[in-house]
Participant: 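Take a look at the following structure, please.
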2 protein chains.
Amino acid sequence: MNALSDKTVGRLSLYRRLLNGLVADGVTHVYSHQLAVLAGGTAAQVRRDMMAVGYTGSPKRGYDIRELAQSIGAFMDAPEGQGVALIGVGNLGRAILAYFAGRRPHLAIQAAFDADPYKANRVIHGCHCYPMTEMDTIAAKANIRTAIIAVPATEAQAVAAKLVRAGVRGILNFAPIRLHLPAEVYVEDIDMTMSLEKVAYFSRKGRAEKEVNS
Amino acid sequence: MNALSDKTVGRLSLYRRLLNGLVADGVTHVYSHQLAVLAGGTAAQVRRDMMAVGYTGSPKRGYDIRELAQSIGAFMDAPEGQGVALIGVGNLGRAILAYFAGRRPHLAIQAAFDADPYKANRVIHGCHCYPMTEMDTIAAKANIRTAIIAVPATEAQAVAAKLVRAGVRGILNFAPIRLHLPAEVYVEDIDMTMSLEKVAYFSRKGRAEKEVNS
DNA sequence: TAGAACTTGTTAACGCTTTCACAACAAGAA
DNA sequence: TTCTTGTTGTGAAAGCGTTAACAAGTTCTA
Ligand SMILES: NC(=O)c1ccc[n+]([C@@H]2O[C@H](COP(=O)([O-])OP(=O)(O)OC[C@H]3O[C@@H](n4cnc5c(N)ncnc54)[C@H](O)[C@@H]3O)[C@@H](O)[C@H]2O)c1
Ligand SMILES: NC(=O)c1ccc[n+]([C@@H]2O[C@H](COP(=O)([O-])OP(=O)(O)OC[C@H]3O[C@@H](n4cnc5c(N)ncnc54)[C@H](O)[C@@H]3O)[C@@H](O)[C@H]2O)c1
């Protein structure tokens with residue numbers, strides 16, 4: 001139960017998704033090197049990540065998929081489930097709502113908020129959309145500690161501060177600015193412009209490849 | 001002109017956007033520590049990144065914003081501009097089209113593709129949407145080397161392979177699977193589910209903080 | 001049973017990235 | 001001019017995450 005690193009948690013999430021896929025295919029066991037190719041990593045890394053969750057496989061049979069997935073779940077999921085709020089129901093916000101709607105039982109978007117009164121008090125992709133003025137009360141009532149920001153960049157800092165005041169401790173931020181918040185708030189930025197520029201750069205320059213001596 | 005690291009390229013993209021914002025505010029010079037707080041990093045890192053692009057500021061005045069932005073552009077942008085293709089014009093694809101439409105002159109989405117014949121041969125957010133059957137010819141004609149994948153996970157691998165055959169060398173992948181492609185193709189994954197699970201985890205556990213001795 | 005074959009768990013080495021620390025330097029003040 | 005102040009550029013150190021390597025272990029074969 002010691003603190004896991006950022007990257008390890010990300011990979012655990014990926015592993016679990018892959019494991020669930022394997023369960024659906026009827027597979028029962030998997031080796032670290034198999035999981036590694038699915039996850040795009042190395043076998044050593046998979047084993048090291050398993051150390052972090054404390055799950056132990058068996059030599060010659062590998063990992064029991066169902067047990068391992070459950071083990072990761074015990075580690076990552078809130079036992080009582082966890083609610084998420086979405087702020088900003090624009091083009092991106094609606095796509096996100098559509099995507100996450102009813103997909104994950106233990107991690108669902110429970111409420112959406114938008115400053116536009118035209119969008120408020122409607123149900124979008126199965127999620128009730130409230131006006132921003134009600135955010136504090138609803139976030140408190142549903143015990144929301146996690147939020148997704150999909151408002152224009154100019155609004156993001158103010159919205160983030162408001163969320164933190166309402167008790168939010170983790171933010172997934174799509175606005176292309178860096179938020180300034182207390183250190184105990186975890187912020188993950190998804191900066192599509194930055195990502196696209198990286199891809200564009202490397203698709204011209206090529207990835208710096210390790211030179212292989214002939 | 002030596003190879004830059006992944007992370008450095010990402011930050012350069014961010015710096016440039018911040019610099020452009022400052023130019024709009026009429027600022028002409030900036031210190032490394034100012035840029036650092038905007039970018040959410042440290043002054044030392046900013047200076048090291050500047051080393052990478054080879055631009056030299058002046059002590060006591062800092063960096064000339066306009067020159068620096070131009071310097072980064074010379075480093076990152078294709079001189080003749082660069083076209084991007086979007087595959088999959090669903091909920092997410094349309095949001096992306098709306099967002100990038102007409103925003104960046106030197107890095108524009110020039111063509112969209114979708115397997116659904118209902119979506120083909122229409123103009124969506126100013127971008128022509130073609131049927132998948134025409135992808136090869138159009139990608140070749142427009143000299144497209146960069147693509148965004150926003151198709152369902154089950155289709156992503158096949159679409160990616162098709163893109164690579166058509167000459168694409170960099171892919172921004174939104175589908176929640178790891179693509180298996182030749183090593184010279186640069187792939188950046190944006191895995192929203194993974195990111196959200198990370199945020200959910202750390203919003204409960206708190207970020208592993210450095211213990212400060214009293 | 002003994003041995004072969006292949007796996008896991010774990011420590012140590014490695015490499016990449018960030019941070020530190022400071023010499024060199026520019027600009028203004030005295 | 002000379003001193004003070006606050007910056008940049010950069011080698012060296014530190015930190016962090018990944019990879020390599022191998023002992024210990026499990027199963028199958030004979
Ligand atoms: N659409 C994309 O694909 C995309 C890509 C990259 C980044 N982004 C970023 O994501 C964010 C949203 O993008 P979008 O395309 O959905 O924009 P959008 O304009 O379509 O939607 C923004 C929504 O936020 C609401 N809003 C505005 N101010 C608000 C406030 N103070 N409180 C609550 N709600 C408020 C608006 O009413 C609107 O519904 C932006 O920051 C954008 O830069 C979007
Ligand atoms: N919507 C989101 O916010 C979101 C979030 C996370 C991940 N994703 C991922 O992004 C991808 C797209 O999501 P979406 O919500 O836009 O899905 P969607 O179903 O709305 O859109 C998918 C689009 O792809 C097209 N398509 C299907 N097969 C194709 C093929 N072989 N070639 C070309 N086009 C094809 C479909 O016609 C459709 O227009 C999915 O992989 C999804 O997992 C989306």
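None of these values were measured; they are calculated from a predicted model. By convention in this document, chain letters (A, B, ...) are assigned in the order of the sequence lines, proteins followed by strands, and residues within each chain are numbered from 1.
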Participant: So, does the side chain of B:R61 form a donor-acceptor pair with the base of D:dG6 at under 3.5 Å?
Facilitator: no
Participant: Please report the distance, rounded to the nearest Å, between CG in B:L35 and P in D:dT7.
Facilitator: 14 Å
Participant: So, is A:Y63 near the phosphate of C:dG9, with a side-chain N or O under 4.0 Å from OP1 or OP2?
Facilitator: yes
Participant: Quick check on DNA chain D: between B:A44 and A:A44, whose nearest nucleotide comes earlier from the 5' end?
Facilitator: B:A44
Participant: Over 60° means perpendicular and under 30° means parallel, so classify the ring planes of A:Y55 and A:Y63, tilted if in between.
Facilitator: tilted
Participant: For C:dT17, does the base pair up with any side-chain atom of B:R11 as donor and acceptor (N or O, under 3.5 Å, distance only)?
Facilitator: no
Participant: Please report the distance, rounded to the nearest Å, between CG in B:D6 and P in D:dT18.
Facilitator: 13 Å
Participant: Can you confirm if the NZ or CZ of A:R103 lies within 45° of the ring axis of A:Y99 and under 6.0 Å from the centre of its six-membered ring?
Facilitator: yes
Participant: Taking the nucleotide of DNA chain D with the nearest heavy atom to each, does A:G41 or A:K60 sit closer to the 5' end?
Facilitator: A:G41
Participant: Rounding to a whole Å, what distance do you find between B:M50:CE and C:dT18:P?
Facilitator: 13 Å
Participant: For B:Y201 and A:D77, test the side chains for any donor-to-acceptor distance below 3.5 angstrom and give the result as yes or no.
Facilitator: no
Participant: Of the listed nucleotides (C:dT17, D:dT10, C:dT10), which one gets closest to any side-chain atom of B:S5?
Facilitator: C:dT17
Participant: In whole angstrom, give the distance that lies between atom CE of A:M51 and atom P of C:dT8.
Facilitator: 14 Å
Participant: Counting only side-chain nitrogens and oxygens, does A:S58 get under 4.0 Å of the OP1 or OP2 atom of D:dT26?
Facilitator: no
Participant: Can you name the nearest heavy-atom pair linking B:S203 to A:Q82, along with the distance?
Facilitator: OG-NE2, 3.3 Å
Participant: Compare the minimum distances between each of D:dT7, C:dT8, D:dT18 and the side chain of A:R47, then state the nucleotide with the smallest one.
Facilitator: C:dT8
Participant: Can you check the B:R48 CZ to D:dG9 C1' distance for me, whole Å?
Facilitator: 9 Å
Participant: Would you mind reading off the distance between B:Y55 atom OH and D:dT7 atom C1', rounded to a whole angstrom?
Facilitator: 14 Å
Participant: For A:K7 and C:dT17, what is the distance between atoms NZ and C1' respectively, to the nearest whole Å?
Facilitator: 9 Å
Participant: Considering non-hydrogen atoms only, spot the tightest contact between B:S195 and A:L172 and give its length.
Facilitator: CB-CD1, 3.8 Å
Participant: Is the phosphate of C:dG9, meaning OP1 or OP2, less than 4.0 Å from a side-chain N or O of A:T56?
Facilitator: yes
Participant: Round to the nearest Å and state the distance from B:H29 atom NE2 to C:dA27 atom P.
Facilitator: 11 Å
Participant: According to a strict under-4.0 Å criterion, is A:S32 in side-chain N/O contact with OP1 or OP2 of C:dT8?
Facilitator: yes
